[in-house]
Amino acid sequence: MLTINLIREKKEFIIERLKVKNFKAEEIINRILALDSSRREIQSKTDMMQGEMNRISKEIGALLKDGKRDEAEAAKEKTYSLKEEIKSLSDKLIPIDNDLKNEIIRLPNLPHESVAPGHGADDNVKVREGGIMPQLSETALPHWYLIKKYDIIDFDLGIKLTGAGFPVYLGKGAKLQRALISFFLDEGEKAGYREVMPPIMVNEDSGFGTGQLPDKEGQMYHATLDNFYLIPTAEVPVTNIYRDVILSADMLPVKNIAYTPCFRREAGSWGAHVRGLNRLHQFDKVEIVQIAHPDHSYLSLEDMVAHVEGLVSKLELPYRILRLCGGDMSFTSALTYDFEVWSAAQKRWLEVSSVSNFESFQANRLKCRFKEKGDKQTRLAHTLNGSALALPRIVAAILENNQTESGIKIPHVLIPYTGFDMID
RNA sequence: GGAGAAAUGGCAGAGCGGUCGAAUGCGGCGGUCUUGAAAACCGUUGAUCUGUAUACACGGAUCCGGGGGUUCGAAUCCCUCUUUCUCCGCCA
């Protein structure tokens with residue numbers, strides 16, 4: 001969420017910037033400013049009265065100590081009406097505080113100045129591309145046939161065990177998952193990330209911290225008996241490590257990497273393009289998360305983009321990097337790069353990673369701050385994250401792009417991890 | 001799951017109705033000493049909101065696990081939730 005100070009000081013700037021995200025902010029901001037000023041007015045009144053109250057209470061203490069009972073009783077009389085007033089004022093404050101908070105969290109993050117306006121995927125800006133497009137024969141198969149042909153992923157079995165979108169990986173299919181996870185984690189470690197293995201269920205506070213709650217709860221599986229949520233991404237537990245934490249500036253950037261399964265209900269998003277591995281309820285992903293100094297967070301972002309680019313290159317997949325336009329960016333992001341790999345039999349680009357800088361937007365919810373050495377003041381840190389990488393679509397692309405008459409070739413970098421060079 | 005105990009500043013740990021944002025120790029920061037370092041000694045040491053000449057300088061408010069209550073006044077008393085520890089049970 002945006003800070004109230006920014007809203008107070010840069011109202012017009014915010015309204016202009018949010019136009020890039022096609023968001024009309026003026027009305028909300030006016031409501032926020034009105035609520036904020038009445039909040040402050042009431043708050044400073046109650047603060048004054050409370051101060052008076054504290055003064056009298058101390059006085060009573062002193063009088064009683066001196067044995068002046070009557071004077072103490074007289075002083076008590078004075079507090080009764082004051083107490084009433086304080087109570088009624090602070091009762092007024094509660095709904096105002098709530099309304100204010102509810103309004104503020106409705107404002108999306110400001111897009112970075114490099115973000116182009118636009119309404120959807122067509123307006124995204126291609127930054128660069130790489131890799132070699134494979135030439136497949138006429139008889140090339142999309143991955144949903146390949147997985148049956150080689151018996152490596154079984155969707156029907158998943159339906160039996162759980163439901164649609166919960167595949168069962170078998171034999172070399174399972175090993176390929178394990179190989180990719182290890183490969184991604186090892187590459188992350190080489191790039192200076194600390195490996196983290198977090199819980200895959202989180203509480204409400206964590207859901208709020210990274211912005212899944214209160215709005216997107218329909219997208220998460222909810223264990224209602226204990227009020228836990230299955231994580232949609234490792235971003236949630238890993239970023240929440242830094243909730244209510246004050247870091248020292250010399251620790252930044254903090255770099256963590258985590259493998260977790262991810263669970264998404266994907267309510268209402270099933271359609272023609274979601275066959276096979278393209279969209280699942282449960283999938284595996286390795287996520288990188290950085291907490292950065294505001295002055296250097298865009299360096300961190302570039303560093304993360306370079307890391308992900310290294311991964312897709314090493315896997316020998318044709319890819320392109322897009323800078324998302326305002327309309328295609330998430331609510332919380334200031335700047336997002338999407339990575340897509342070419343899935344040669346489907347003849348489609350598949351999104352496999354989304355790397356974002358949230359600047360202080362998440363940090364403000366999380367209260368993730370840092371302090372410069374010798375400085376009294378705390379400041380909000382910047383948070384960033386990106387997939388490095390999500391597995392299913394990478395697997396889809398590997399299967400499709402590397403298919404041959406005699407089987408599916410495993411990319412060279414993975415062979416030490418799989419222990420085989422061919423799925424056949 | 002049952003019984004009991006506890007939750008205080010970065011950490012350890014006192015306080016158990018008024019002068020407590022909180023003793024003391026450790027740690028951190030600054031200094032003295034030293035060629036330098038250590039030791040010793042001295043000083044300093046949280047967060048949030050808010051007012052003023054927008055200055056973290058001064059003033060006010062709030063925060064002792066979370067929420068609620070009693071009281072003129074709560075870290076201290078009561079209720080409730082959460083968490084941790086010990087014992088018993090169960091268990092990968």
Side-chain angles (χ1 to χ4, degrees), chain A residues 1-11 32-101 103-105 197 199-209 213 223-229 237 240-252 254 291 360 363-381:
Chain A
M1 66 193 200
L2 299 175
T3 62
I4 186 68
N5 280 336
L6 188 76
I7 299 170
R8 271 183 215 146
E9 283 160 23
K10 299 201 168 168
K11 174 185 166 183
I32 290 171
L33 291 175
L35 286 165
D36 178 54
S37 70
S38 57
R39 197 205 111 241
R40 278 198 285 173
E41 197 188 314
I42 296 173
Q43 182 72 60
S44 67
K45 259 190 215 164
T46 49
D47 280 0
M48 274 172 59
M49 288 186 198
Q50 194 58 251
E52 176 69 5
M53 193 76 168
N54 290 344
R55 222 203 73 240
I56 297 174
S57 292
K58 276 188 185 170
E59 218 173 86
I60 292 172
L63 288 170
L64 286 175
K65 210 172 183 182
D66 294 344
K68 298 176 181 166
R69 282 202 84 85
D70 294 346
E71 284 177 56
E73 284 305 318
K76 272 193 198 180
E77 293 292 328
K78 279 196 285 185
T79 64
Y80 298 139
S81 62
L82 202 54
K83 206 182 175 185
E84 288 291 306
E85 280 181 77
I86 291 171
K87 176 89 174 104
S88 83
L89 275 182
S90 49
D91 281 351
K92 259 201 225 166
L93 206 56
I94 294 164
I96 291 174
D97 267 339
N98 285 337
D99 289 353
L100 185 60
K101 194 178 175 195
E103 293 290 346
I104 291 177
I105 62 175
M197 194 178 267
I200 57 174
M201 283 186 160
V202 293
N203 59 27
E204 252 177 308
D205 285 345
S206 295
F208 179 83
L213 296 174
T224 51
L225 202 56
D226 296 291
N227 200 22
F228 294 151
Y229 293 87
N240 271 283
I241 292 172
Y242 301 95
R243 168 155 51 84
D244 292 318
V245 168
I246 301 172
L247 297 153
S248 71
D250 55 19
M251 290 169 74
L252 303 175
V254 173
I291 313 291
S360 61
N364 191 31
R365 282 182 162 232
L366 292 159
K367 298 290 170 263
C368 169
R369 292 157 297 174
F370 73 97
K371 206 187 258 193
E372 215 82 54
K373 213 180 170 82
D375 217 335
K376 272 204 152 185
Q377 216 170 345
T378 60
R379 293 169 64 192
L380 291 171

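Just so it is clear, the structure is predicted and the values come from calculations on it, not from any experiment.
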### Task
Write down the distance between CG (A:L89) and P (B:rU50), rounded to a whole number of angstrom.
17 Å

## Note on the structure
Paired to B:rA3 by Watson-Crick or G-U wobble criteria (both distances under 3.5 Å) is B:rU86

#### Entry: A:R39 side chain, from C-beta outward: closest of B:rA47, B:rC72, B:rU50
B:rU50

### Task
With side chain to side chain donor-acceptor pair (under 3.5 Å) as the test, would you mind laying out the steps for A:N54 and A:S57 before giving the verdict?
CA-CA 5 Å; A:N54 290 344; A:S57 292; 5.5 Å; no

### Query
Any idea which of B:rU71, B:rA47, B:rC49 is nearest the A:I246 side chain?
B:rA47

#### Entry: Paired nucleotide for B:rG73 [Watson-Crick or G-U wobble; both distances under 3.5 Å]
none

### Message
Can a side-chain donor-acceptor contact be found between A:E9 and A:N5 if the only test is distance below 3.5 angstrom?
### Response
no

### Message
Counting only side-chain nitrogens and oxygens, does A:K83 get under 4.0 Å of the OP1 or OP2 atom of B:rG73?
### Response
yes

### Query
Which whole number of Å gives the distance between the C1' atom of B:rU80 and that of B:rA7?
16 Å

### Query
Which base, if any, makes a Watson-Crick or G-U wobble pair with B:rA22, both distances under 3.5 Å?
none

### Task
Considering only atom C1', compute the distance from B:rU32 to B:rC20 and round it to an integer number of Å.
33 Å

### Query
If you pin A:T46 and A:A62 to their nearest nucleotides in RNA chain B, which one's is more 5'?
A:A62

## Note on the structure
A:E84 atom CD is separated from B:rU71 atom P, nearest whole Å, by 12 Å

### Task
Find the distance A:D70:CG to B:rC72:P and express it as a whole number of Å.
17 Å

### Message
I'd like to know whether A:Y242 forms a side chain to side chain contact (heavy atoms under 4.5 Å, CB included) with A:L366, so could you lay out the CA-CA distance, the side-chain angles of the two residues, the decisive distance to 0.1 Å, and finally the verdict.
### Response
CA-CA 7 Å; A:Y242 301 95; A:L366 292 159; 5.8 Å; no

### Task
Give one of base, sugar-phosphate or nothing for A:T378, where a contact means two heavy atoms less than 4.0 Å apart.
sugar-phosphate

### Query
Mind checking who B:rC63 pairs with, Watson-Crick or G-U wobble, both distances under 3.5 Å?
B:rG46

### Query
What distance do A:C368 atom SG and A:L247 atom CG have between them, rounded to the nearest 0.5 Å?
5.5 Å

### Task
Pick the C1' atom in B:rG68 and in B:rG10, then give their distance to the nearest Å.
31 Å

#### Entry: Distance in angstrom units between A:I42 CD1 and B:rU62 P, rounded
17 Å

### Task
Might you work through the side chain to side chain contact (heavy atoms under 4.5 Å, CB included) test for A:R369 and A:V245, ending with a clear yes or no?
CA-CA 6 Å; A:R369 292 157 297 174; A:V245 168; over 6 Å; no

### Query
Across the strands shown, which category fits A:R369 at heavy-atom distances under 4.0 angstrom: base, sugar-phosphate, nothing?
sugar-phosphate

### Under-4.0 Å side-chain N/O to phosphate OP1/OP2 contact, A:R40 with B:rG51
yes

### Interatomic distance at C1', B:rC42 relative to B:rA57, whole Å
25 Å

## Note on the structure
Heavy-atom nearest nucleotide on RNA chain B taken for A:M53 and for A:D36; more 5' hit belongs to A:D36

### Task
Starting from C1' on B:rC29, measure out to CD on A:E372 and report it in whole angstrom.
15 Å

### Query
When we call it a touch if two heavy atoms are under 4.0 Å apart, what does A:S57 touch: a base, just sugar-phosphate, or nothing?
base

### Query
Across all strands, who's sitting opposite B:rC91 as a Watson-Crick or G-U wobble pair, both distances under 3.5 Å?
none

### Task
For B:rA61 and B:rA6, measure between their P atoms and round to the nearest Å.
33 Å

### Task
For nucleotides B:rA74 and B:rG2, find the distance between their P atoms and express it as a whole number of Å.
35 Å

### Query
Does any N or O in the side chain of A:R39 come within less than 3.5 Å of the main-chain N or O of A:L100, such that one atom is a donor and the other an acceptor?
no

### Message
From the set B:rG18, B:rA61, B:rC49, return the single nucleotide nearest to any side-chain atom of A:L64.
### Response
B:rG18

### Task
Check A:G209 against A:N240 and note the closest heavy-atom contact, atom names and distance.
CA-OD1, 3.9 Å

### Message
Of the listed nucleotides (B:rG60, B:rC72, B:rU62), which one gets closest to any side-chain atom of A:D47?
### Response
B:rG60

## Note on the structure
Quick note, A:Q50 side chain, CB onward, closest among B:rC49, B:rA47, B:rU62 is B:rU62

## Note on the structure
Any strand, both distances under 3.5 Å, Watson-Crick or G-U wobble: B:rG17 pairs with none

### N-O pairing of A:K87 and A:D91 below 4.0 Å
yes

### Message
Any base atoms under 4.0 Å from A:R8, or only sugar-phosphate, or nothing? Heavy atoms, all strands.
### Response
sugar-phosphate

### Task
Flag yes if more than 12 heavy atoms outside A:K45 fall under 6.0 Å of its NZ atom; otherwise flag no.
no

### Query
Taking atom C1' in both B:rG25 and B:rG18, what distance in whole Å separates the two?
28 Å

### Nucleotide B:rU48, atom P - distance to CZ of A:R379 in whole Å
13 Å

### Task
Give A:K371 one of three labels, base, sugar-phosphate or nothing, depending on what nucleic acid heavy atoms sit under 4.0 Å from its own.
sugar-phosphate

#### Entry: B:rG21 and B:rA14, which share atom name C1', separated by this distance in whole Å
15 Å

### Query
For the pair made of CD in A:Q43 and P in B:rA61, what is the distance, rounded to whole Å?
12 Å

### Summary
Partner of B:rC58 under the Watson-Crick or G-U wobble criteria, both distances under 3.5 Å, comes out as B:rG51

### Message
Base, sugar-phosphate or nothing for A:M48? Non-hydrogen atoms, less than 4.0 Å.
### Response
nothing

## Note on the structure
Re B:rA40: Watson-Crick or G-U wobble partner, both distances kept under 3.5 Å, found to be B:rU32

### Message
I want to check one thing: is the phosphate of B:rA61, taken as OP1 and OP2, less than 4.0 Å away from some side-chain N or O of A:N54?
### Response
yes

### Message
Applying a 4.0 Å non-hydrogen cut-off, can you work out what A:I56 is touching in the nucleic acid: base, sugar-phosphate, or nothing?
### Response
nothing

### Message
If I take atom CG in residue A:L100 and atom P in nucleotide B:rU50, what distance separates them, rounded to the nearest angstrom?
### Response
10 Å

